[in-house]
Amino acid sequence: MKNDKKVNTSGPTVSGMFSPNRDNLLDPITDTAMDFERCVQCGYCRSVCRVYNATYNEMDYAGGRMRILKSLARKEIKFDKDGIIDSIFRCMLCGNCAEVCPVEIDTVAVFQKFRKDAIKIGVLPKRLGQMNDAIMEKKNPFMEDESRFRWVKDCPEGKRALERGEELFKQIRSGDPSSVVPRKVAYFIGCTAGYRNTELAIASSKILEKLGIDFIMMPEEQCCGSVLYRTGLEDNTIGLIHHNTDLIRESGVTDVVFSCSGCYSTLALEYPRILKEELGFNLYHLVEYIPMMLKEKGLKVKHPKYTKENPLVVTYHDPCHLGRYMKKYDEPRELLAMMEGIKLVEMKHIKEMSHCCGAGGGVKALYGDIAGDIARDRLDETQRCVIQLRSDRMKEAEETDADYMVSACVFCKNNLSQAAKEDEAALEVMDIIEILQHYTFYK
Amino acid sequence: MTVEQKSETLQRFVKELGEIIPSFHITTDPYEIEAISGDLSLLPKYHYKFKETYLADVITRPGDTEEISKVMAKCREYSLPVTIRAAATSCFSSSSPTMGGVIIDMRRMNKVHEVDADKLIVKCDAGISWIKLIESLLDAGLAPKCYPTSYKSSCVGGYVASSGKAGVGSAKFGSIKDTLISVTFVKPDGSVEKITKDSKGDLTFDNVVESLGMYGVIAEVEMSVTELKTSMEMVGYGFKTFEAAMGYFLAIKGNNINKPFFLSLSDKKFEKLAHKTLPTRPFFVYAVFYDDADKTAKAVAFCKETADKGDALVVEDWYLKEKWDDIADTELTLGRMCNNPVFQEYLIDDNRVQTFYEVYADEGRKYDYKDAFYVMAGSGTNNRIKLFGLSDIANSREFFGIKANFHTMTKQAYKQSDKLYTTGVVNTFYHLKFNPEDVANRKALKVKLDPDELVNSYRFVKAKMKFWRVDFLFWVAKFLYTVV
Ligand SMILES: Cc1cc2nc3c(=O)[nH]c(=O)nc-3n(C[C@H](O)[C@H](O)[C@H](O)COP(=O)(O)OP(=O)(O)OC[C@H]3O[C@@H](n4cnc5c(N)ncnc54)[C@H](O)[C@@H]3O)c2cc1C
Ligand code: SF4
Ligand code: SF4
């Protein structure tokens with residue numbers, strides 16, 4: 001192996017690994033409804049599509065799907081409700097294709113519209129139907145009857161926040177404005193941290209309290225609607241969107257913080273678009289809110305064990321929803337840099353060109369288990385694809401020799417942890433928040 | 001053969017293929033077939049729409065040479081037409097079916113087999129994309145010597161089969177043929193042969209390079225690579241006339257101190273496509289040097305000195321850097337501004353670029369569509385010239401008017417002893433008309449290797465389109481555009 005220390009990294013060999021430079025380009029003439037027509041079929045997005053790279057199936061990457069859309073629009077091919085399912089749903093909606101598209105098609109918007117239109121004319125995989133029913137009925141995708149705050153019994157910080165929330169709504173609804181103790185910050189926990197990954201809700205609550213923030217949690221919080229929205233059931237999210245928006249507005253908080261990147265991007269991008277109005281409150285992911293607060297309060301953080309000399313080596317996986325969707329690339333890295341004793345080593349594909357973990361776009365939910373209405377070999381192909389995607393990302397992380405792979409998305413964490421277990425990987429997967437909870441905050 | 005018989009034969013074929021390669025890499029899924037049967041040029045579908053043969057019947061994705069060999073033998077056994085397809089960026093239906101049959105999709109063959117950093121050699125599958133190869137070589141401190149600017153999707157085998165004479169690295173290191181050491185080739189009967197520069201059999205190196213898939217499949221490629229260099233510099237100057245720009249372009253191209261790694265000449269209209277800020281002069285020469293620091297410095301000094309002697313206006317550094325970052329996108333960004341970008345590519349010798357441009361400028365006065373002109377330096381005296389038109393297929397008068405202008409320019413290219421850069425399916429008739437000797441040679445070899453004319457055969461040997469017919473149609477299109 002040659003020594004590549006002297007490599008000129010702005011040289012020709014790496015230029016293609018980055019998304020194109022768009023600073024000096026005119027905005028494209030776009031129309032989401034018909035944007036597939038602008039696809040020039042260059043195939044650049046094929047190289048970055050993790051799904052294509054697992055299946056080699058031409059209809060699995062953006063350009064191939066755009067071609068199908070063009071032909072459907074011109075009625076040159078038939079619309080077959082069952083046959084077309086894979087073409088519609090075997091996509092992580094990771095947005096990497098949009099990042100490299102030279103004509104700047106908002107591929108994710110096009111695909112979400114494709115899903116929505118297809119569902120309207122009767123394409124509904126059985127499993128998606130079940131998930132939809134669960135969310136409609138129980139306001140969470142896990143068919144859980146009980147509250148999403150059961151975990152607070154093991155977390156005094158969470159318990160206090162929930163009580164503050166209950167109290168706040170009681171005061172507001174009492175009809176006596178003078179009794180209301182206004183609160184500034186609400187923590188939107190989301191379904192997954194509430195029901196499945198409660199360790200994340202606990203860690204987040206602890207950190208917020210350590211920061212001296214009297215945050216609340218909203219007892220009537222419902223599913224943000226992300227899964228339904230991503231899988232094309234946008235119309236069914238309207239009730240949830242109104243409910244959550246009204247609830248937050250009613251609480252009077254100015255800042256809503258999230259530990260889930262999916263909830264965060266859904267409220268930030270889709271809520272105002274669907275409501276056709278500004279939400280009227282600020283939204284932050286914790287990995288950007290915490291550094292902001294640390295700076296504002298002049299706080300530093302240190303770990304009982306890890307130091308500069310004896311660091312914990314981590315590599316950071318950019319979640320699609322926080323990175324490509326919300327363009328928050330530097331904030332989590334800034335937080336890691338503020339954490340004493342953390343050494344960040346980067347993977348090859350990061351930020352705009354980060355590889356998706358394989359859990360997005362409803363693919364895992366739709367294809368992760370046995371879905372009776374999908375032909376067996378196709379199901380195998382898709383399951384293999386999901387497994388390969390997470391395994392590939394794990395391998396890339398292992399190449400960095402880090403102790404931990406950290407992220408800021410519960411879905412990434414779960415999917416990549418599964419890969420770490422399956423592949424007996426040398427590193428563990430954690431959320432940054434989980435590591436941060438063990439730090440001491442000091443002036 | 002009746003429809004039932006055909007369907008039954010195909011079913012048997014697919015079943016038997018399933019014993020050769022994993023079944024999920026064989027498909028008859030109509031959506032996948034639709035997705036894979038076209039290219040950037042919009043053409044495959046519309047030229048063959050009425051014959052309904054632009055769609056394949058079966059797609060296969062072999063994973064190694066052995067699988068390709070068995071697939072080829074099986075296709076011959078069933079007398080099924082074969083289309084070899086890489087990334088389909090060479091357009092003009094080059095890798096799209098014309099007679100249905102089987103598409104051999106090369107892109108599962110994407111492994112790097114060996115990197116020898118001491119001998120500066122890489123062995124890889126032909127279906128690997130350039131971007132993947134570049135990434136893999138980077139780990140070893142190496143880089144390919146030449147590759148097309150479509151490297152973000154196009155494949156090594158596609159560049160070899162279309163003779164890769166101009167692209168990144170070509171002016172410095174030569175064409176793809178100059179870097180090749182050996183090619184593992186699968187012939188239409190399924191036999192495998194390793195072809196080197198010394199091969200004396202039916203197939204030579206020259207046949208394989210620019211074979212356009214006619215004689216079989218390039219399965220693996222062994223080629224020389226270069227070490228990563230430490231210094232990269234760019235220069236760019238604006239000129240008032242094409243002649244002055246071309247003079248400068250040729251001076252840089254011919255400077256033996258250090259040849260440019262990339263060199264282009266574009267008109268302002270090309271730079272204007274989708275750019276907010278751009279060089280002010282009508283013509284722009286852009287050169288990238290990538291070498292050891294002292295060599296790069298000398299080359300840059302030469303460029304500056306030469307520019308100072310003439311009336312050249314320096315272009316700001318940020319623009320030059322941005323242009324390099326976006327070198328793969330630059331021919332595509334016009335798609336931001338219109339629905340259907342159309343283009344034609346030519347292989348023009350250094351000595352004849354000027355005449356070619358003059359005819360283009362002259363003809364251009366008859367048209368008022370948005371156009372652009374782009375020259376990319378190639379190996380030796382080669383240049384790849386690309387003409388663009390911004391169009392919308394809904395405006396058929398304009399769309400076919402642009403095509404008619406390209407037709408005029410193609411005739412000009414052949415008239416001045418140059419040719420089209422890519423001979424796909426839809427432009428094969430030019431080659432038949434203007435290059436009968438080459439066609440005869442190709443046919444002779446084809447008869448030996450593929451007597452049933454099954455493999456990529458529409459190119460040259462089965463072409464039905466007649467030059468006079470197309471010439472007449474474009475005359476009408478031009479008339480409708482320029483007169484009516
Ligand atoms: C934006 C853009 C930029 C471009 N820049 C350049 C450039 O700088 N220089 C340049 O030369 N061209 C350029 N091209 C044209 C094209 O990209 C190149 O010719 C490229 O090498 C084609 O590779 P491909 O993988 O897309 O091959 P395809 O287009 O799929 O195939 C090309 C031909 O080769 C045959 N073929 C493909 N693979 C094999 C194989 N393994 N064995 C046998 N036959 C095979 C096909 O049947 C077809 O006839 C550009 C095109 C675009 C769209
Ligand atoms: S969004 Fe991601 S998974 Fe879907 S086509 Fe684009 S790159 Fe592939
Ligand atoms: S990168 Fe954009 S234009 Fe190119 S194939 Fe993909 S979606 Fe189409």
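Below, read A as the first sequence line, B as the second, and so on, with proteins coming before strands; counting in each chain starts at 1. Heavy-atom basis, side chains included; hydrogens, waters and symmetry copies ignored.
- Remark: B:R107 CZ to A:R46 CZ distance equals 4.0 Å, nearest 0.5 Å.
- The SG atom of A:C42 sits 9.0 Å away from the NZ atom of B:K152 when rounded to the nearest 0.5 Å.
- When all heavy atoms of A:V40 and B:G335 are compared, the closest pair comes out as CG1-CA, 4.4 Å.
- A:Y61 does not touch chain B: none of its heavy atoms, backbone or side chain, sits under 4.5 Å away.
- Between chain A and the residues B:L278, B:L334, B:N110, the largest count of heavy-atom pairs under 4.5 Å involves B:N110.
- For A:K78, the NZ atom is loosely surrounded, since the number of other residues' heavy atoms within 6.0 Å does not exceed 12.
- Counting heavy-atom neighbours within 6.0 Å of A:K351 NZ, excluding the residue itself, gives a total above 12.
- With hydrogens and angles left out, the side-chain atoms of A:D86 and B:Y31 include no donor and acceptor closer than 3.5 Å.
- The distance from atom CZ of B:R108 to atom OG1 of A:T55, rounded to the nearest 0.5 Å, is 11.5 Å.
- Looking at B:F262, neither its backbone nor its side chain comes within 4.5 Å of chain A, counting heavy atoms on both sides.
- With chain A as the partner, the residue from B:C91, B:C338, B:S150, B:A35 showing the most heavy-atom pairs under 4.5 Å is B:A35.
- Contact tally against chain B (heavy-atom pairs below 4.5 Å) for A:V103, A:L25, A:I29: the top residue is A:L25.
- By the 6.0 Å contact criterion, NZ on B:K370 is open, its count of non-hydrogen atoms from other residues, nucleotides or ligands being 12 or less.
- Here the closest heavy-atom approach between residue B:M337 and residue A:P28 is recorded as CE-CA, 4.2 Å.
- The CZ atom of B:R336 lies 7.5 Å from the CZ atom of A:R38; values are rounded to the nearest 0.5 Å.
- Using a 4.5 Å cut-off between heavy atoms, B:T226 makes no contact with chain A at all.
- A distance-only check finds no donor-acceptor pair linking the side chain of A:N24 to the backbone of B:H275 [under 3.5 Å].
- No other option in A:E58, A:E104, A:Q41 has as many heavy-atom pairs under 4.5 Å with chain B as A:E58.
- Interface summary for chain A: among B:T277, B:I33, B:T333, the most heavy-atom pairs under 4.5 angstrom belong to B:T277.
- Within 6.0 Å of the NZ atom in B:K386, the count of heavy atoms belonging to other residues, nucleotides or ligands exceeds 12.
- In A:E346, the CD atom is crowded: over 12 heavy atoms of neighbouring residues, nucleotides or ligands sit closer than 6.0 Å.
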Show your reasoning for whether side-chain contact (heavy atoms from CB on, under 4.5 Å) applies to A:N57 and B:R61. CA-CA 9 Å; A:N57 185 325; B:R61 298 187 285 258; 4.1 Å; yes
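- Heavy atoms closer than 4.5 Å to chain A are found nowhere in B:S154, neither backbone nor side chain.
- What you find for B:K276 and A:L26 is that their closest heavy atoms are CG-CD2, 3.6 Å.
- Residue A:Y44 is tested with B:T89, B:I131, B:D329 for a side-chain contact (heavy atoms from CB on, under 4.5 Å); the sole match is B:D329.
- For the pair A:I77 and B:P30, the minimum side-chain heavy-atom distance is 4.5 Å or more.
- Looking at A:D80, the atoms closer than 4.5 Å to chain B (heavy atoms on both sides) sit in the backbone and in the side chain alike.
- One finds the NZ atom of A:K70 at 11.0 Å from the CD atom of B:E34 (value rounded to the nearest 0.5 Å).
- Atoms CE and CD1, from A:M59 and B:I59 in turn, are 9.5 Å apart once rounded to the nearest 0.5 Å.
- Side chain of B:K132 to backbone of A:S47: no donor-acceptor contact under 3.5 angstrom is found.
- For chain A, the nearby part of B:W318 is the side chain; its heavy atoms alone come within less than 4.5 Å.
- The minimum heavy-atom distance linking B:E32 with A:Y56 is given by the pair OE2-O, 4.4 Å.
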